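Below is one structure, written out as structure tokens; comments come after it.
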Amino acid sequence: MPSTEATLRLTVAVLMHLTSERQADLAAGLGLNQTQTSRKQAGTTSWSLADVDRLSAHYGIPVGDLLAGVARAAHCLPASRRAPAPCAAQLTIHP
């Protein structure tokens with residue numbers, strides 16, 4: 001069973017993917033710099049409880065759901081935060 005820290009790193013990675021955020025985008029949203037965010041995601045620095053609160057606010061997901069794992073956090077991610085799916089808006093040309 002992965003640690004809470006490892007689960008949070010994976011959850012953040014999935015949320016970044018679902019929102020099409022880069023580390024620099026996430027860092028700006030959390031009030032960190034990109035290097036700090038990179039170290040937290042690499043596991044060389046731990047996410048703090050204050051970071052978890054900021055992640056929760058940034059993604060619009062309650063802390064408990066954020067820490068519950070990837071599936072729960074992804075399910076709770078508001079639709080307004082999700083990146084458009086590729087080919088979601090297709091142009092239809094009528095003859």
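The first residue in the sequence is number 1, and the count goes up from there. The model shown is predicted, which means the values in this text are computed figures rather than measured ones.
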Legend entry - Pair Leu55-Leu26, side chain to side chain contact (heavy atoms under 4.5 Å, CB included): steps then yes or no: CA-CA 9 Å; Leu55 284 165; Leu26 177 60; 4.0 Å; yes
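- Side-chain contact between Trp47 and Thr4 is absent, with no heavy atoms from C-beta onward closer than 4.5 Å.
- Closest approach of Pro78 to Ile61, counting heavy atoms only: CD-CG1, 4.4 Å.
- Side chains of Thr37 and Val12 form no contact here, defined as non-hydrogen atoms less than 4.5 Å apart.
- For the atom pair CG (Leu30) and CG (Asp25), the distance works out to 11.0 Å, reported to the nearest 0.5 Å.
- Residues meeting the side-chain contact (heavy atoms from CB on, under 4.5 Å) test with Ala28, sequence neighbours left out: none.
- Rounding to the nearest 0.5 Å gives a distance of 7.0 Å between OG1 of Thr19 and CG of Leu15.
- Not counting sequence neighbours, the partners of Arg54 by the side-chain hydrogen bond (donor to acceptor under 3.5 Å, both in side chains) test are Asp51.
- Across Leu77 and Arg81, no two heavy atoms sit closer than the pair CD1-CB, 3.8 Å.
- Across every non-hydrogen atom of Glu5 and Lys40, the tightest pair is OE2-O, 4.4 Å.
- Contacts of Arg82 classified as side-chain hydrogen bond (donor to acceptor under 3.5 Å, both in side chains), with partners at least two apart in sequence or in another chain: none.
- Within a 6.0 Å radius of CZ in Arg39, other residues, nucleotides and ligands contribute 12 heavy atoms or fewer.
- Counting all heavy atoms, side chain and backbone alike, Thr11 lies closest to Ala73 at CG2-CB, 3.4 Å.
- Put simply, OG1 on Thr7 and CG on Leu67 are 9.5 Å apart, with the number rounded to the nearest 0.5 Å.
- Between Val52 and Leu66, the closest heavy-atom pair is O-CD2, 3.8 Å.
- Between the Gln36 side chain and the Asn33 main chain, a donor and an acceptor come within less than 3.5 Å of each other.
- Of the possible polar contacts, none joining the Ser38 side chain to the Gln34 backbone as a donor-acceptor pair under 3.5 Å is found.
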